[in-house]
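Take a look at the structure set out below.
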Amino acid sequence: MPSSNQVGIITGGASGIGRAIGKELARRGVYVMLADKNAEEGENAVQEIQAQGGNARFIKVDVSDAKQMHTAVHAVYEEFGRLDYMFNNAGISMYGEVYDMTLEHWERIMNVNVWGVIHGIQAAYPLMKQQGFGHIANTASATGLGPSPTAAAYATTKHAIVGLTTSLHYEAEAFGIKVSALCPAFVDTSIFERGEAISMDKALINEQVKKQKPMSPEKFAVFALKGLERNQPIVCPMPLRRTMDIFFTLFPSVHRKLMRLVCRVARKARVEA
Ligand code: NAI
């Protein structure tokens, strides 16, 4: 990836995957703008990047607020005269069975995971179209590629992002803009610790997650940027995903059996309200 005068915005850049992508991009010479609602962690991430000799700045932004996103993105564009990367990465997790959820739960997760990404695109896409280049990377999830019993709301948001991103991938091509969906499986970040567990035992969920041997955010960041270099519509680090897709398409009943098992295991974390 070339360096020097490039600039990128990373929402959710204060922590986890966004922070690791920020560090990796800065290492490659990109000026990174870490946009997050958490100022303390954001400033801390900036210091970490600067200590490594990279260029970074923090922008306090709530991605669920369209105006804030518009202002932040336009300010960067005006200052640098370009926008090379827009990582719409900020997200929250939510576990819970649908019958335990309220409309407020749905609104909370949709506002960040879906509207947050839309706000980023609405702000950055016209600017990139005007300049004739740029890469939009939206963090979805492997959960956006299949069922996720006891995390239906989260899966809803991530399926939306996969649909939006893979469609935009082809629309934006004509304007010289690349668009990719990042679909990590389990990455070792604070997301599950911070996330909501509605009538579910968070400790038990975290135990189940740990068993999946999450990959480090740094490793995922390198993988993600490689996917971006190849302009892949979906960047997913599950090595057997394509084989599994073919297998489950040929043998759908096996897939349904597996999903029922996943549902039974995941339900063990449910607690009576
Ligand atoms: P994280 O919790 O470490 O980082 C998320 C960041 O987003 C935090 O810094 C948080 O302050 C910020 N954020 C949350 N709501 C915001 C808002 N309204 N406005 C601005 N910033 C906000 O989590 P992680 O794991 O790094 O998550 C990044 C993305 O990766 C999310 O979209 C998540 O859904 C996705 N993902 C994570 C996986 C994992 O295993 N960690 C797996 C699949 C997808």
Side-chain angles (χ1 to χ4, degrees), residues 9-24 32-46 48 58-73 86-95 107-120 123 137-146 148 151 153-162 164-165 180-196 202 205-206 208-221 223-224 227 234-238 241:
I9 300 173
I10 306 160
T11 71
S15 168
I17 292 172
R19 185 173 178 138
I21 289 175
K23 277 199 292 189
E24 189 54 36
V32 295
M33 297 292 183
L34 304 178
D36 204 290
K37 63 172 191 181
N38 188 331
E40 202 184 323
E41 279 190 49
E43 294 292 2
N44 180 282
V46 165
E48 199 176 59
F58 174 71
I59 311 171
K60 188 167 164 55
V61 76
D62 181 343
V63 296
S64 62
D65 185 319
K67 242 195 206 144
Q68 282 186 34
M69 279 298 286
H70 182 89
T71 306
V73 171
M86 181 72 217
F87 284 86
N88 295 303
N89 164 79
I92 56 173
S93 79
M94 189 178 278
Y95 278 92
E107 279 164 11
R108 200 147 54 234
I109 194 161
M110 295 291 282
N111 281 343
V112 181
N113 291 14
V114 178
W115 280 107
V117 174
I118 294 171
H119 294 155
N138 302 322
T139 309
S141 167
T143 307
L145 303 170
S148 196
Y154 185 74
T156 301
T157 65
K158 296 306 185 180
H159 274 76
I161 300 311
V162 170
L164 163 62
T165 311
S180 303
L182 304 183
C183 293
F186 289 101
V187 183
D188 195 8
T189 71
S190 322
I191 194 165
F192 304 108
E193 208 60 57
R194 285 189 235 252
E196 275 184 81
K202 215 193 239 190
I205 295 171
N206 282 333
Q208 288 172 351
V209 170
K210 287 257 150 59
K211 279 191 192 148
Q212 304 303 317
K213 298 197 174 62
M215 87 187 329
S216 76
E218 289 74 23
K219 192 170 172 191
F220 178 72
F223 182 87
I234 292 181
V235 183
C236 180
M238 289 164 81
R241 191 178 74 84

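The first residue in the sequence is number 1, and the count goes up from there. Everything numeric in this text was worked out from a predicted model, so none of it was measured. Just follow the structure's listing: the first ligand is 1, and inside any ligand the first atom is 1.
- Of all the heavy atoms in Pro184 and Val187, the pair that sits closest is CB-CG2, 3.6 Å.
- Residues Ile109 and Met94 share a closest heavy-atom pair of CD1-CB, 3.6 Å.
- One N or O on the side chain of Ser93 and one on the backbone of Ile191 form a donor-acceptor pair closer than 3.5 Å.
- For the pair Phe186/Phe220, no side-chain contact is recorded, criterion being any heavy-atom separation below 4.5 Å from C-beta on.
- The closest approach between a heavy atom of Glu193 and any atom of ligand 1 is not below 4.0 Å.
- Of all protein heavy atoms, the one closest to atom 3 (O) of ligand 1 is Ser15 OG, 2.6 Å.
- Shown in contact with Gly12 at under 4.0 Å from a heavy atom are these atoms of ligand 1, numbered in order with element: 6 (C), 7 (O), 12 (C).
- When Thr157, Ile10, Ile191 are checked for heavy-atom proximity to atom 33 (C) of ligand 1, Ile191 turns out nearest.
- For atom 21 (N) of ligand 1, the nearest non-hydrogen atom from the set Arg108, Arg19, Lys37 comes from Lys37.
- Nearest protein neighbour of atom 19 (N) of ligand 1, counting heavy atoms only, is Val63 N, 2.9 Å.
- Glu196 and Lys202 are not joined by a salt bridge, as no carboxylate oxygen comes within less than 4.0 angstrom of a charged side-chain nitrogen.
- The nearest protein atom to atom 9 (O) of ligand 1, hydrogens excluded, is given as Asp36 OD2, 2.7 Å; this is a heavy-atom distance.
- At a 3.5 angstrom cut-off on N or O pairs, Val187 counts as close to ligand 1.
- Within the 4.0 Å heavy-atom cutoff, Pro184 counts among the residues contacting ligand 1.
- Proximity annotation for atom 29 (C) of ligand 1: of Asn89, Ile17, Asn38, Asn89 comes nearest, heavy atoms only.
- The ligand atoms of ligand 1 that sit less than 4.0 angstrom from a heavy atom of Ala185 are 40 (O), 42 (C), 43 (C).
- Ligand 1 places these atoms under 4.0 Å from at least one heavy atom of Phe192: 40 (O).
- At a heavy-atom distance under 4.0 Å, only backbone atoms of Ala140 (N, CA, C or O) approach ligand 1.
- Of the possible polar contacts, none joining the Lys158 side chain to the Gly146 backbone as a donor-acceptor pair under 3.5 Å is found.
- With salt bridges taken as basic N to acidic carboxylate O contacts below 4.0 Å, none links Lys60 and Glu41.
- Side-chain contact annotation: Asn89 with Arg19, donor-acceptor N/O pair under 3.5 Å absent.
- Protein heavy atom at the shortest distance from atom 2 (O) of ligand 1 is Arg194 NE, 3.0 Å.
- The closest donor-acceptor contact from the side chain of Asn111 to the backbone of Glu107 lies under 3.5 Å.
- Within the listing of ligand 1, atoms 19 (N), 20 (C) sit less than 4.0 angstrom from a heavy atom of Val61.
- Put simply, the side chain of His119 never gets that close to the backbone of Met69: no donor and acceptor are under 3.5 Å apart.
- The protein atom (non-hydrogen) at minimum distance from atom 13 (N) of ligand 1 is Ala90 CB, 3.9 Å.
- Nearest-residue assignment for atom 36 (N) of ligand 1 (options Phe186, Phe87, Tyr154; heavy-atom criterion): Tyr154.
- Side-chain contact annotation: Asn88 with Thr11, donor-acceptor N/O pair under 3.5 Å absent.
- Near Ser190, meaning under 4.0 Å from one of its heavy atoms, ligand 1 places the atoms 3 (O).
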Item to complete: Given side chain to side chain donor-acceptor pair (under 3.5 Å), test Arg194 with Ser15 step by step and report yes or no.
Response: CA-CA 11 Å; Arg194 285 189 235 252; Ser15 168; 2.6 Å; yes

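- With Ala20, Gly16, Gly91, Gly13 as candidates, the residue nearest to atom 5 (C) of ligand 1 on a non-hydrogen basis is Gly91.
- The shortest contact between atom 30 (O) of ligand 1 and any protein heavy atom is with Thr139 CG2, 3.2 Å.
- In this structure, Ser190 contributes its side chain and Glu193 its backbone to no donor-acceptor pair below 3.5 Å.
- Distances between N or O atoms of Ser141 and those of ligand 1 include no value under 3.5 Å.
- Annotation: atom 25 (O) of ligand 1 to nearest protein heavy atom, Thr189 OG1, 2.6 Å.
- Under 4.0 angstrom from ligand 1, there are no non-hydrogen atoms of Glu41.
- In summary, the side chains of Asn113 and Thr157 do present a donor paired with an acceptor at a separation below 3.5 Å, with no hydrogens or angles considered.
- Within the 4.0 Å heavy-atom cutoff, Thr11 does not count among the residues contacting ligand 1.
- Atoms of ligand 1 found under 4.0 Å from any heavy atom of Asp62 (numbered from 1 in listed order, with element): 17 (C), 18 (N), 19 (N).
- Between Gly13 and Asp36, the shortest heavy-atom contact is N-OD2, 3.4 Å.
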